[in-house]
Amino acid sequence: MKYFCLILSSTIVLLLIGCNSAISYKNDTSNVFEIYNNNTKAIILYEKGKALDSITAHLLSEDIYKVTNQRLNVVNNINAANGNTIVIGSMDSPLINVFLKGETLKEGFKNQWESYLYKTISNPTKKIKKAFIIAGTNPRGTAYGIFNISKKIGVNPWYWW
């Protein structure tokens, strides 16, 4: 049994190493969005009155805190957003439409169920330097997009279970 556990743990380590080698990174700095560094601390913006967006925005802030030890401000007023801003909402949200106005999306994307997209936009407003849009085709799609970001920064979205 002792040798079985040793072999099993070695296999798991090899599988984890194999998974990490499959991750690729883009060198294109135009799409880079910095959540936190010594000079930058992003803000999370969601549309007021959207309960699920509010919950997931605060969960994302908490997940980022677990990684950086810095809590991001969560706001629901576009006038309070500045610098780098993570914008959360559904595709039909007026807030998301402020940022995605005139953007052409793949045909049929809006008709998909529980889907999401990520988009980085430079200088969308005078106060917002860079916006990282997390837009779902419906509220649950938005939540999935947010939890996927948490997963990518190293926080298992199911830690609370």
Side-chain angles (χ1 to χ4, degrees), residues 12-13 15-37 40-78 80-101 103 105-122 124 128-161:
I12 291 171
V13 169
L15 287 173
L16 291 174
I17 291 169
C19 289
N20 287 336
S21 65
I23 298 172
S24 62
Y25 298 94
K26 291 176 90 176
N27 290 331
D28 180 13
T29 58
S30 65
N31 287 331
V32 173
F33 182 87
E34 292 182 326
I35 295 171
Y36 173 77
N37 67 28
T40 304
K41 188 173 170 182
I43 291 174
I44 301 174
L45 172 65
Y46 70 95
E47 185 175 352
K48 187 176 183 176
K50 304 289 184 176
L52 188 56
D53 290 352
S54 173
I55 292 166
T56 54
H58 286 88
L59 287 172
L60 179 60
S61 178
E62 186 64 27
D63 292 348
I64 291 169
Y65 173 76
K66 289 178 183 342
V67 175
T68 66
N69 207 28
Q70 296 292 321
R71 208 171 299 279
L72 301 187
N73 289 334
V74 179
V75 299
N76 58 19
N77 183 344
I78 195 167
N82 58 29
N84 285 356
T85 304
I86 300 170
V87 184
I88 294 171
S90 296
M91 294 297 296
D92 60 354
S93 159
L95 176 66
I96 293 298
N97 288 323
V98 166
F99 293 92
L100 293 181
K101 59 183 175 258
E103 292 287 325
L105 302 174
K106 286 185 180 179
E107 190 173 323
F109 174 74
K110 288 184 179 183
N111 296 330
Q112 293 179 12
W113 189 248
E114 298 175 351
S115 298
Y116 57 88
L117 64 81
Y118 301 130
K119 181 119 177 111
T120 305
I121 302 172
S122 296
I128 298 175
K129 178 182 170 187
K130 207 170 238 191
F132 181 71
I133 313 299
I134 305 172
T137 55
N138 58 5
R140 194 176 301 168
T142 305
Y144 288 154
I146 293 166
F147 291 141
N148 189 45
I149 292 293
S150 293
K151 186 176 176 183
K152 287 181 184 281
I153 65 172
V155 178
N156 184 338
W158 302 110
Y159 65 84
W160 48 271
W161 275 57

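The figures here come from the full heavy-atom set of this structure, side chains too, leaving out hydrogens, waters and symmetry mates.
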Could you measure the distance from the [atom1] atom of [X] to the [atom2] atom of [Y]? Nearest 0.5 Å is fine.
X      : Y      : atom1 : atom2 : value
Asn148 : Ile153 : CG    : CD1   : 11.0 Å
Tyr116 : Thr142 : OH    : OG1   : 11.0 Å
Ile43  : Ile35  : CD1   : CD1   : 13.5 Å
Gln70  : Asn37  : CD    : CG    : 10.5 Å
Ile133 : Thr85  : CD1   : OG1   : 9.0 Å

Salt bridge (charged side-chain N to carboxylate O under 4.0 Å, His left out) partners for Lys66, two or more places apart
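Expected list: Glu62.
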Under the rule for salt bridge (charged side-chain N to carboxylate O under 4.0 Å, His left out), what residues qualify as partners of Glu34, not counting sequence neighbours?
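Once residues adjacent in sequence are excluded, Glu34 has no partner under the salt bridge (charged side-chain N to carboxylate O under 4.0 Å, His left out) criterion.
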Where at least one partner belongs to residues 41-57, residue pairs that pass side-chain hydrogen bond (donor to acceptor under 3.5 Å, both in side chains), sequence neighbours excluded
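For residues 41-57: Tyr46-Ser54, Glu47-Ser93.
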Contacts of type side-chain hydrogen bond (donor to acceptor under 3.5 Å, both in side chains), residue [X], not counting sequence neighbours:
X      : answer
Asn138 : none
Ser115 : Gln112
Ser61  : none

Can you see which heavy atom on [X] is nearest to which on [Y], and at what distance?
X      : Y      : result
Tyr36  : Thr68  : CD2-CB, 4.0 Å
Ile146 : Ile88  : CD1-CG2, 3.4 Å
Leu52  : Pro139 : CD2-O, 3.5 Å
Leu72  : Ala42  : CD2-O, 3.2 Å
Ser150 : Leu60  : OG-CD1, 3.8 Å
Asn97  : Met91  : OD1-O, 3.4 Å

Quick one: side-chain contact (heavy atoms from CB on, under 4.5 Å) partners of [X], sequence neighbours excluded?
X      : answer
Phe132 : Phe33, Ile86, Tyr118, Thr120, Ile134, Ile149
Pro124 : Phe99, Ile121, Ile128, Ala131
Val98  : Ile78

Strictly distance-based, threshold 3.5 Å: is any side-chain N or O of Lys119 a donor or acceptor partner for the main-chain N or O of Ala135?
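No, Lys119 side chain to Ala135 backbone: no donor-acceptor pair under 3.5 Å.
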Please, which pairs that meet salt bridge (charged side-chain N to carboxylate O under 4.0 Å, His left out) have at least one residue in residues 137-155, sequence neighbours excluded?
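Matches after skipping sequence neighbours: Glu114-Arg140.
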